[in-house]
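Some notes on the structure that comes next.
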Amino acid sequence: MLCLLFLGPFFATATMRLLINNACIQSFQVLQLQQTFDSSLEKPQFPGASAEFVDQLEFIQPNVISGIPVYRVMDRQGNIINPSQDPQLSKETVLNFYQKMTMLNTMDRILYESQRQGRISFYMTNYGEEGTHIGSAAALDPNDLVFGQYREAGVLMYRGFPLDHFMAQCYANADDLGKGRQMPVHYGSKDLNFVTISSPLATQIPQAAGAAYAVKRENTNRAVICYFGEGAASEGDAHAGFNFSATLECPLIFFCRNNGYAISTPTNEQYRGDGIAARGPGYGMLSIRVDGNDVFAVYNATKEARRRAVAENQPFLIEAMTYRIGHHSTSDDSSAYRSVDEVNYWDKQDHPISRLRHYMTARGWWSEDDERSWRKQSRKTVMEAFERAERRLKPNPELLFTDVYQEMIPSLNKQRESLWRHVQQYKENYPLDLYEK
Ligand SMILES: Cc1ncc(C[n+]2csc(CCOP(=O)(O)OP(=O)(O)O)c2C)c(N)n1
Ligand SMILES: *[C@@H]1O[C@H](CO)[C@@H](O)[C@H](O)[C@H]1NC(C)=O
Ligand SMILES: *[C@@H]1O[C@H](CO)[C@@H](O)[C@H](O)[C@H]1NC(C)=O
Ligand SMILES: [Mg+2]
């Protein structure tokens, strides 16, 4: 099945579906009946559900349909499967997708290596998930508000966050928009409508529901998108965010990157249902599963979800199936819990970047020469930004104490004085000339 199909909030066994259809048709009538409270009509009157009575004892099967299908537009060789689904993006747009996906990849390699060399404290790569970032970011309006987890740097890059800002954040230098107060990869940009990343999992999910509710009340044709991993979906906050946005009818796209792992925990130990998409109907949300390694499928699904979320004021759930090719972070060694063969399969045979490249090559839009010169040029651009970031001074340490209270409070001032006493006493360990004054 290739059609872009959002599963309705109700999907169930054939019998159940029939009952549900009847219930929908009759729901208006049921409401009327509830007001008359006529027990002679053999219909349920419970306020908590609109349904029929049955006289057969039957438990609902957990896998109500056998595996929610995965929507895709391209096969692994980059061929369009069904021409009606081809987004027919211009050559210029497709080249931009490709350049953003590969630039992200190059930036990841350099920052990962610089952590390994002890130049930055921490890093998280996006390897293998480039299609989910670029496909979804391209389908949004620049004014739409983004709530991310920590593995969506491509979304920010697509919006135009400069390499210098990525590097400044990871180096915590004086140009960092966050003034060097966060761990690497916790980006944020007010100008680009990208809310600053929080480490505690699922923080962004109820926040996005609240923001989407505010956006709806402003009536400004804006949507909110909330990215999260399948692991973060296990947090209680995911439940609160899903339910509130459904009941309050908010223009919100829940975008789950199902990359197979929550650090070392594989999906088959995380849940027994059919992934994250299967949870949508329980909340009354339109839901879809897409091939996250097919940038066009991600684009189409996000575009349609975005359009309808705003037009109809309701949340959508997209589960993008993909694979985390890199280690979870620089604090992880994934060879302890998965095989090299498994990783190689995704890296060599089912990669979003090579799939898009096949597509471009088949159209004569991209040659070996183009690839070589782009690789060289993009690496040079990243290296230059990296060198600039490394040379830059660190932020003034005084900034540790600002921006929370409008005026310095006594307890904070005490800490500030004690910090400076300590720094003076152990001068040799604090190279203050590397910091801005
Ligand atoms: C509340 C909370 N618990 C645990 C952690 C530690 N932790 C950081 S990332 C992570 C796994 C998240 O997996 P997933 O949501 O699938 O995202 P992925 O890393 O696969 O992109 C865990 C357990 C945390 N940051 N916050
Ligand atoms: C995918 O995108 C193209 C172009 O935007 C559109 O023509 C096609 O109908 C889309 N598919 C669906 C099902 O929305
Ligand atoms: C769902 O959200 C509504 C508010 O819109 C709230 O009253 C209700 O308690 C929530 N239910 C659950 C199960 O979270
Ligand atoms: Mg994951």
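Numbering of ligands and ligand atoms starts at 1, following listing order.
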Asp141 CG: over 12 foreign heavy atoms closer than 6.0 Å: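 More than 12 within 6.0 Å, yes.
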Does any N, O or S atom in Tyr261 come within less than 2.8 Å of the Mg ion (ligand 4)? yes
Is there an N/O/S atom in Asn259 at a distance below 2.8 Å from the Mg ion (ligand 4)?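 Short answer: yes, at least one N, O or S atom is under the cut-off.
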Under 3.5 Å, N/O to N/O: give me all the pairs between ligand 3 and the protein, one per line with atom names and distance.
| from | atom 1 | to | atom 2 | distance (Å) |
| --- | --- | --- | --- | --- |
| ligand 3 | 2 (O) | Asn243 | ND2 | 2.4 |
| ligand 3 | 2 (O) | Thr247 | OG1 | 3.3 |
| ligand 3 | 5 (O) | Thr247 | OG1 | 2.6 |
| ligand 3 | 11 (N) | Asn243 | ND2 | 2.8 |
| ligand 3 | 14 (O) | His239 | NE2 | 3.2 |
| ligand 3 | 14 (O) | Asn243 | ND2 | 3.0 |

Heavy-atom side-chain proximity of Met285 to Phe254 below 4.5 angstrom: yes
Do the ring planes of [X] and [Y] sit parallel (below 30°), tilted (30 to 60°) or perpendicular (above 60°)?
| X | Y | value |
| --- | --- | --- |
| Phe296 | Phe97 | tilted |
| Tyr323 | Trp346 | parallel |
| Phe255 | Tyr227 | tilted |
| Phe228 | Phe242 | tilted |

Taking only residues two or more places apart in sequence or in another chain, which ones pass salt bridge (charged side-chain N to carboxylate O under 4.0 Å, His left out) with Glu387?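 Listed in chain order: nothing, the list is empty.
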Mind checking what makes ring pair (Phe, Tyr, Trp, His ring centres under 6.0 Å) contact with His351, not counting sequence neighbours?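 None.
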Taking non-hydrogen atoms within less than 4.0 Å of ligand 1, which protein residues qualify?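 Ligand 1 pocket, heavy atoms under 4.0 Å: Gln149, Tyr150, Arg151, Ser199, Pro200, Leu201, Gly229, Glu230, Gly231, Ala232, Glu235, Arg257, Asn259, Tyr261, Ala262, Ile263, His328.
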Under 6.0 Å from the six-membered ring centre of Tyr261 and within 45° of its axis: does the NZ or CZ of Arg338 meet both? yes
Ring-face cation contact, Tyr127 with Arg109, 6.0 Å cut, 45° max: yes
In Å and rounded to the nearest 0.5 Å, what is the CH2 to CG distance from Trp366 to Leu356? 10.0 Å
Which atom, among the N/O/S set of Glu230, is closest to the Mg ion (ligand 4)? OE1
